[in-house]
Amino acid sequence: MLRVAGKMKRTEPDLDEAQVLMRALRDFNTPKIPANDTPIFLRLIADLFIGLEVPVKIDESLKERIVTVARAEGLQYDDVFVLKTCQYQELIDVRHSVMLLGPAGCAKSTIWKVLAGCHNLDKPKKTCVYETVNPKSVTGDELYGYMTLSKDWKDGCLSIVMRGMAKNFSDQGFYEYQTYKWVVLDGDIDAVWIESMNTVMDDNKVLTLVSNERVPLSAAMRMIFEINSLKNATPATVSRAGILYINESDIGWRPYMETWVQGREDPNDRSFLPGFFDKYIEPLAEMTRKGFKECTPIRIINKVTTTVYLLETLLAEMAPEHKIQDRMELVFIYAVTWAFGGPMIVDKSGDYRRKFSEDFQSLFGQKYPKEGTIFDYLYDPAVDQHVHWQEKVTAYTPVVIGSGAAETPFNALNVETVDSRRTKKLLDILTKRGRNAMLVGTAGTGKTSMIKDYLSSLDKDADGLLSCNVVMSYYTDSLGLQAELELAIDKRAGRMFGPPATKRLIYFVDDLNLPYIETYGTQNAIALLTQQMQHGSLFDREDLSFRRRPLQVLHRALVAAVHRAFVHVPPPTLHRLPHVYPARVITRDEPGVHRG
């Protein structure tokens with residue numbers, strides 16, 4: 001705070017010291033206070049400095065650059081987003097360690113990426129570079145480095161990155177003219193790896209390795225922590241970093257929706273869709289806030305994203321002459337029904353899916369037929385009517401059952417039902433556009449059977465889709481999972497890896513929630529998936545040298561199956577898998593859930 005006050009005094013020497021102190025107290029502390037507590041804090045400041053008002057000072061040139069970069073990236077530049085980005089710049093000006101704190105989907109990554117773009121704007125060469133590492137996707141030894149049994153030193157991925165930045169190793173892409181070098185640690189904090197960062201985060205600014213090597217931070221380097229919670233951080237760690245807290249409501253879901261709508265080519269989409277989002281999203285969020293039970297806590301941005309991904313396919317399948325407001329609204333209702341109602345569960349405490357159906361009809365009127373629930377129908381815009389899923393079920397073709405030649409084993413029989421038909425339709429909508437999906441349900445509800453049946457129905461030539469099955473267990477760690485993921489991909493060129501040319505790959509990860517939970521609540525196998533889905537890269541575990549660069553996996557989608565009620569093993573929460581979209585929950589009590 002004293003540094004901030006000193007900077008303000010030097011910038012405006014004629015300003016009264018009381019005004020400087022008030023502005024420093026307010027502007028330095030407000031960014032790290034949750035929205036609910038901000039009014040209380042501002043009243044305390046007003047009581048300390050009675051009758052004193054000082055306007056918030058914002059760097060106008062930086063603000064203009066933020067707007068320029070956001071517009072170039074197709075992002076919305078509302079006032080709160082611009083303010084948070086400016087506050088982030090103010091923090092890294094006075095702190096070499098900054099924590100971006102907030103729930104999944106609150107635009108933490110977008111804020112630091114836009115600011116990096118501001119520093120590189122109109123520059124012939126990039127002056128702001130960054131490297132991202134999920135510290136929980138590798139072991140502690142692989143993060144910092146370790147001594148082998150033969151007493152040889154083997155570097156970790158973080159020590160390699162920091163040494164390259166500090167010493168400007170050109171083969172790693174670091175040069176002296178780069179005035180901003182950020183090490184972005186995007187992952188859960190625990191008291192093991194973060195305590196090793198204390199000498200980096202305090203005034204020593206030195207990374208001390210087991211080999212007795214000391215890697216100092218240069219003036220251009222900054223440590224950026226992108227985290228969801230500080231529950232495992234010690235006071236010593238928190239006091240060493242500047243904190244920017246981003247509330248879920250600060251930016252919200254509207255900028256994402258507006259960006260997507262602006263990218264639509266059809267004028268009818270740009271005209272009608274914003275009104276549909278305004279009409280349904282907030283009322284549904286308010287309706288489901290209390291009295292409903294979901295498979296795992298899911299934030300509104302995830303539900304809006306699921307709605308968008310369903311609409312991408314549903315609107316593309318509509319004929320141009322059918323794109324009138326009434327029919328588009330019914331298509332939107334179908335998408336939002338599954339986005340908000342799909343995660344609802346049915347258990348001993350109640351049938352929350354039926355409750356969702358009844359409350360939806362009472363809130364918005366009779367949008368679906370009265371018989372059954374709203375989940376029993378699919379809207380067909382070609383005939384402008386709802387079709388019961390029973391009419392879409394493929395009739396069972398009898399086969400010879402047995403273990404001999406040309407016979408089908410009994411456990412391989414799969415009889416299509418209403419539930420399996422609509423579930424596979426949702427999977428088809430998501431996966432063919434490269435989107436991720438998750439099926440959640442108790443054991444024996446047919447999750448694995450439905451997914452395998454869907455994957456077996458894909459034609460690798462016509463659809464261009466390949467699949468790879470990965471089965472997790474309690475003993476699955478990030479190293480074992482990465483080995484399985486890499487079996488299905490080949491080297492393309494340089495550091496690019498992917499499936500065969502012209503093909504896309506679907507990973508089916510079964511029993512996603514089973515990997516062991518560490519002391520501080522992290523499942524490192526899921527942290528590896530998060531690293532790959534969010535940043536598109538995996539570190540080579542055989543040679544962590546930065547010269548090989550992280551592996552980049554091309555053209556993939558993820559389909560996951562999760563046991564919802566497994567004893568002592570909770571399903572992965574949203575902050576662990578922010579890029580997986582729950583297509584729906586499968587329950588044992590649903591009619592039509594049968595296997596051969």
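- With respect to the salt-bridge test (charged N to carboxylate O, under 4.0 angstrom), the residues R65 and D122 do not qualify.
- Nearest heavy atoms, E258 versus Q76: OE1-OE1, 3.5 Å.
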Problem set entry | Residue pair F169, R163: steps toward the side-chain contact (heavy atoms from CB on, under 4.5 Å) verdict | CA-CA 8 Å; F169 288 163; R163 186 188 299 111; 4.0 Å; yes
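- Across every non-hydrogen atom of A220 and Q178, the tightest pair is CB-O, 3.7 Å.
- Counting heavy atoms from C-beta outward, L481 and M472 have side chains that approach closer than 4.5 Å.
- Among all heavy-atom pairs drawn from Y516 and Q523, the shortest one is O-CG, 3.6 Å.
- One N or O on the side chain of N120 and one on the backbone of A116 form a donor-acceptor pair closer than 3.5 Å.
- Here CD of Q532 is found 11.0 Å from OG of S137. Values are rounded to the nearest 0.5 Å.
- Closest heavy-atom contact between M197 and L185: CE-CD1, 4.2 Å.
- Side-chain contact annotation: Q89 with D59, donor-acceptor N/O pair under 3.5 Å absent.
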Problem set entry | Evaluation steps, side chain to side chain donor-acceptor pair (under 3.5 Å), between T431 and R504 | CA-CA 10 Å; T431 55; R504 291 180 296 162; over 6 Å; no
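- Side-chain polar atoms of T305 and R435 form no donor-acceptor pair below 3.5 angstrom.
- Between atom OH of residue Y130 and atom CH2 of residue W112 there is a gap of 5.0 Å, rounded to the nearest 0.5 Å.
- For the salt bridge (Lys or Arg N to Asp or Glu O under 4.0 Å) condition, the pairs that include at least one residue of residues 73-87, sequence neighbours left out, are K84-D250.
- Taking the side chain as every heavy atom from C-beta outward, C157 and E131 never approach each other to under 4.5 Å.
- Side chain of D190 to main chain of Y520: no donor-acceptor pair is present (N/O by atom type, distance under 3.5 Å, no hydrogens or angles).
- The shortest side-chain heavy-atom distance between T237 and N198 falls under the 4.5 Å cut-off.
- Of the possible polar contacts, one joining the K108 side chain to the G102 backbone as a donor-acceptor pair under 3.5 Å is found.
- Two residues are said to be in side-chain contact when any heavy atoms from C-beta on lie closer than 4.5 Å; Y180 and L115 fail this criterion.
- Shown here for I489 and P499, the closest heavy-atom pair between the two residues is CG2-N, 4.1 Å.
- Surrounding NZ of K32 are more than 12 heavy atoms belonging to other residues, nucleotides or ligands, all under 6.0 Å away.
- Taken to the nearest 0.5 Å, the CZ atom of R214 stands 7.5 Å off from the OG1 atom of T199.
- Only one option out of L538, L487, V138, D540 pairs with Q482 in a side chain to side chain contact (heavy atoms under 4.5 Å, CB included); it is L538.
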Problem set entry | Stepwise side-chain contact (heavy atoms from CB on, under 4.5 Å) check, R433 with T313 | CA-CA 8 Å; R433 285 191 172 264; T313 299; 3.0 Å; yes
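- Side-chain contact between M201 and M99 is present, with at least one heavy-atom pair separated by less than 4.5 Å.
- In this structure the side chain of R254 never reaches within 4.5 angstrom of the side chain of V304, judged on heavy atoms.
- Between Y177 and Y175, the ring planes are parallel. Angles under 30° get that label, and only those over 60° would be called perpendicular.
- A heavy-atom distance below 4.5 Å is not found between the side chains of Q87 and Y245.
- Side chains of N247 and S249: no donor on one and acceptor on the other come within 3.5 Å.
- Between Y144 and M162 there is no side-chain heavy-atom pair separated by less than 4.5 Å.
- The distance from the CD atom of E484 to the CG atom of L479 is 11.0 Å, given to the nearest 0.5 Å.
- A donor-acceptor distance shorter than 3.5 angstrom exists from the side chain of R270 to the backbone of R264, with no hydrogens or angles considered.
- In terms of heavy-atom proximity, I300 sits nearest to E282 at CD1-OE2, 4.4 Å.
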